[in-house]
Undergrad: 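Got a structure for you, questions after.
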Amino acid sequence: MSLPRLHLLSLGGTIASTDVGSSPGVGPKLGAAELVAAAPGLETVAQISTEQLAQVGSSSLTPDLAVSVARAARAAIDDGAQGIIVTQGTDTLEETAYLLSLLGDARAPIAVTGAMRNPTLPGADGPANLLAAAQVAASDQLRDTRAVVVFNDEIHDPQWVRKGHTTSTAAFTSGPHAGPIGWVHEGAVALHGRPVTPPQVDLPSGEIPPVALVAAGLGEDLRVVEALADLGYAGAVIDGVGGGHVHADAVPRLERLAAQMPVVLASRTGSGLMLRSTYGYPGSEIDLMGRGLRNAGPLSGRKARLLLGVLLANGAADEWPY
Ligand code: ASP
């Protein structure tokens with residue numbers, strides 16, 4: 001029986017990092033083919049073609065690069081790939097994965113993975129994560145899913161997953177309210193839930209415009225938002241406190257901002273849905289939505305920022321789905 005064909009798109013990160021030589025610390029150096037060669041057992045799971053799209057720490061990736069990944073994945077699927085693997089740094093992995101869940105192609109799943117321990121360390125987790133990602137990307141069970149995150153043998157929905165620890169090999173969590181949708185177990189995919197179907201967004205043909213992410217907090221009057229339009233931002237997300245609230249002094253500023261550009265109200269709590277109809281005081285969710293702010297629904301501020309960016313790039317900001 002011939003093995004499934006998978007295509008690996010590599011972007012750098014810890015999974016590809018070794019000593020940089022000239023300065024202290026490690027940095028991304030290993031190419032996509034070297035990652036495949038370093039993962040024992042991969043040759044029994046799939047035939048894997050490789051492509052290097054970046055070689056950076058993931059804090060230097062961009063939404064536009066994620067669009068290039070989605071485009072390269074489509075080309076590989078057109079060419080016969082039955083699944084796609086993306087390897088990258090973990091710092092922004094949840095964001096790339098979320099963009100791929102918006103822009104991906106339901107003909108074949110994209111499994112996004114990385115590593116917390118680089119290949120120079122004992123117990124490096126990159127090879128095991130890559131093997132598990134290949135098992136997921138090759139699985140028929142995820143054939144109608146656009147993207148998932150595979151890490152530490154867990155399978156996560158891009159809508160909920162986040163990096164929740166600076167160093168643990170179990171850094172990725174969809175908690176506290178969701179949890180993984182499945183595991184890789186004895187080499188097979190064991191699913192106990194389905195990912196949420198995210199909005200389908202057309203691949204932008206132009207650049208994604210800048211969207212600011214601004215955090216509320218105790219006594220924060222958000223005067224910074226007055227500078228956003230002049231700085232060239234095309235949209236903004238406010239990470240509100242609680243269910244989507246800001247200090248009362250910030251309210252006129254946010255109202256003026258919402259008259260200039262789309263503004264989405266999110267919650268910094270990290271779990272639960274945004275409120276819509278509970279509190280009526282100045283700076284509450286009812287007050288702010290009445291002044292033109294949109295509701296992030298289930299999305300964290302950082303994922304709302306990405307969705308607003310791709311909608312703006314498509315001239316479709318009015319299609320905000322929540
Ligand atoms: N700093 C690294 C990065 O995001 C961390 C990692 O890959 O785990 O590129």
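Keep in mind that this is a model prediction, so the values were computed, not measured. Below, all heavy atoms of this structure are taken into account, side chains as well, without hydrogens, waters or symmetry copies. Positions are given from 1, in the same order as the sequence printed here. Whatever order the structure lists them in is the order used to number ligands and atoms, beginning at 1.
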Undergrad: For the residue pair Val161 and Glu94, what are the closest heavy atoms and their distance?
TA: O-CB, 3.5 Å
Undergrad: Can you tell me which residue and heavy atom of the protein come closest to atom 8 (O) of ligand 1, and the distance to 0.1 Å?
TA: Thr90 OG1, 2.5 Å
Undergrad: For residues His245 and Tyr281, establish whether the separation of their ring centroids is below 6.0 Å.
TA: yes
Undergrad: Are any of the N/O atoms in Thr92 less than 3.5 Å from those in ligand 1?
TA: no
Undergrad: Ignoring angles and geometry beyond distance, decide whether Ala115 reaches within less than 3.5 Å of ligand 1 through its nitrogen or oxygen atoms.
TA: yes
Undergrad: If you measure every N or O of Thr14 against every N or O of ligand 1, does any of those distances drop under 3.5 Å?
TA: yes
Undergrad: Hey, what do you get for CG (Leu6) to CD (Gln135), rounding to the nearest 0.5 Å?
TA: 10.5 Å
Undergrad: Determine whether more than 12 heavy atoms belonging to other residues, nucleotides or ligands lie under 6.0 Å from atom OH of Tyr279.
TA: no
Undergrad: Met116 pairs by side-chain contact (heavy atoms from CB on, under 4.5 Å) with which of Thr90, Leu121, Ile15?
TA: Thr90
Undergrad: Students should be able to answer this: which protein heavy-atom is nearest to atom 9 (O) of ligand 1, and at what distance?
TA: Ser58 N, 2.8 Å
Undergrad: Which atoms from ligand 1 have a heavy atom of Gly57 less than 4.0 Å away?
TA: 9 (O)
Undergrad: Suppose I only count heavy atoms of Gly13 and a 4.0 Å limit; which atoms of ligand 1 are within that range?
TA: 7 (O), 9 (O)
Undergrad: Under the ring pair (Phe, Tyr, Trp, His ring centres under 6.0 Å) rule, what do Phe151 and His156 come out as? Steps first, then yes or no, please.
TA: CA-CA 8 Å; Phe151 219 94; His156 290 271; 8.7 Å; no
Undergrad: Name the closest protein heavy atom to atom 1 (N) of ligand 1, giving the residue it belongs to and the distance to 0.1 Å.
TA: Asp91 OD2, 3.0 Å
